[in-house]
Amino acid sequence: QVQLVESGGGLVQPDGSLRLSCRASGFTLDDLAIAWFRQAPGKEREGVSCVETDGRTYHADSVKGRFTISRDNTKNTVFLQMNSLKPEDTAVYYCTAPSTPVAACADLFGHRYLEVWGQGTLVEVSS
């Protein structure tokens, strides 16, 4: 089996925090860039964060300073630490991995290669 499984979502109050996890099974993430996307109701999917194989990270302006992506290759897992959450962060969050190790974060955000997607985890920010 080749799959990504997201976890850690849930209901949280504004200004709260959540830590999402993306664990791979059936393949290894250490040679792949990994990205987090989100899709809110009625909105298009947007890339929010990405981590390169060397640990370099990128974040969308809308989440910069609040979200932090990281990876633990020993656990075959990528994390998304989300702080200072806002109602507009409400969305289903997905992690994605490329089908080839030549893909970088720019390629993931541009969907230039076939990708593996997780099932998503819902984050709802509401009081």
Side-chain angles (χ1 to χ4, degrees):
Q1 59 183 22
V2 175
Q3 61 180 350
L4 294 170
V5 178
E6 301 96 334
S7 61
L11 177 64
V12 64
Q13 293 184 341
D15 206 38
S17 297
L18 285 174
R19 188 192 190 214
L20 306 184
S21 297
C22 171
R23 183 181 182 275
S25 62
F27 67 107
T28 301
L29 295 181
D30 60 4
D31 64 343
L32 301 173
I34 306 296
W36 286 94
F37 287 78
R38 67 184 181 186
Q39 188 160 23
K43 295 185 177 181
E44 294 185 355
R45 180 183 59 228
E46 66 170 326
V48 296
S49 300
C50 187
V51 57
E52 304 277 17
T53 57
D54 63 3
R56 195 176 339 120
T57 61
Y58 305 91
H59 302 279
D61 289 342
S62 59
V63 306
K64 196 170 298 181
R66 300 187 298 118
F67 290 12
T68 303
I69 188 171
S70 62
R71 66 192 305 152
D72 185 344
N73 290 336
T74 67
K75 301 182 184 298
N76 213 27
T77 301
V78 172
F79 305 97
L80 185 66
Q81 179 66 47
M82 306 185 296
N83 299 324
S84 302
L85 284 162
K86 304 175 180 180
E88 51 263 45
D89 294 318
T90 295
V92 177
Y93 284 72
Y94 302 89
C95 64
T96 184
S99 59
T100 171
V102 307
C105 285
D107 301 308
L108 286 174
F109 286 134
H111 302 294
R112 297 184 177 91
Y113 299 93
L114 186 68
E115 299 157 351
V116 177
W117 289 76
Q119 84 289 348
T121 185
L122 175 63
V123 172
E124 186 171 1
V125 185
S126 176
S127 58

Considering all heavy atoms, the nearest L32-T28 contact | CD1-O, 3.7 Å

Working to the nearest 0.5 Å, report the span between CD of Q81 and OG of S49.
-> 11.5 Å

dist R19:CZ -> M82:CE (nearest 0.5 Å) comes out at 11.5 Å

State, to 0.1 Å, how close H59 and T68 come at their nearest heavy-atom pair, and which atoms those are.
-> CE1-CA, 3.6 Å

Exercise: do N83 and S17 side chains pair donor with acceptor under 3.5 Å = yes

Enumerate the residue pairs fulfilling disulfide bond (SG atoms under 2.5 Å apart) with a member in residues 51-96, sequence neighbours excluded, ordered by first and then second residue.
-> C22-C95

Taking only residues two or more places apart in sequence, or in another chain, which ones meet D72 in a side-chain contact (heavy atoms from CB on, under 4.5 Å)?
-> T74, K75, F79

Looking at side-chain heavy atoms only, is the closest gap between Q1 and S25 below 4.5 Å?
-> yes

Above 12 or not: heavy atoms from other molecules or residues under 6.0 Å from CZ of R66?
-> yes

Taking the side chain as every heavy atom from C-beta outward, state whether R38 and V63 have any atom pair closer than 4.5 Å.
-> yes

Least distance between heavy atoms, R112 atom then A106 atom | NH1-O, 2.5 Å

Partners meeting side-chain contact (heavy atoms from CB on, under 4.5 Å) with E52 (sequence neighbours left out) | A33, D54, R56, Y58, A104, C105

Looking at side-chain heavy atoms only, is the closest gap between E88 and S62 below 4.5 Å?
-> no

Is there a path of hydrophobic side-chain contacts, each under 4.5 Å between heavy atoms of I, L, V, M, F, W or Y residues, that connects V5 with Y93?
-> no

side-chain contact (heavy atoms from CB on, under 4.5 Å) partners for D61, two or more places apart = K64

Shortest non-hydrogen contact between G26 and V2, atoms and distance = O-CG2, 3.9 Å

Please report the C-alpha distance between V92 and Y94 in whole Å, then the side-chain angles of each, then the deciding distance to 0.1 Å, and finally whether the side-chain contact (heavy atoms from CB on, under 4.5 Å) criterion is met.
-> CA-CA 7 Å; V92 177; Y94 302 89; 3.4 Å; yes

Looking at N76, V51, T53, which one forms a side chain to side chain contact (heavy atoms under 4.5 Å, CB included) with L29?
-> N76

Might you point out which heavy atoms bring I34 and R71 nearest each other, and give the distance in Å?
-> CG1-NH2, 4.1 Å

Does L108 share a hydrophobic cluster with V48, counting links as ILVMFWY side-chain heavy atoms below 4.5 Å and allowing steps through other members?
-> no

Which side-chain N or O atoms in residues 119-127 pair as donor and acceptor under 3.5 Å with protein atoms at least two apart or in another chain?
| residue | atom | partner | partner atom | Å |
| --- | --- | --- | --- | --- |
| Q119 | OE1 | E6 | N | 3.4 |
| Q119 | NE2 | E6 | O | 2.9 |
| T121 | OG1 | G9 | N | 3.1 |

Please name the pair of heavy atoms, one in A40 and one in T90, separated by the smallest distance, quoted to 0.1 Å.
-> CB-O, 3.3 Å

Starting at OG of S99, measure out to CD of E115 and round the result to the nearest 0.5 Å.
-> 8.0 Å

Hey, could you give me each pair passing ring-ring contact (aromatic ring centres under 6.0 Å, His included) that has a residue in residues 30-51? Not counting sequence neighbours.
-> F37-F109, F37-H111, F37-W117

Whether T57 side chain and C50 backbone form a donor-acceptor pair below 3.5 Å = no

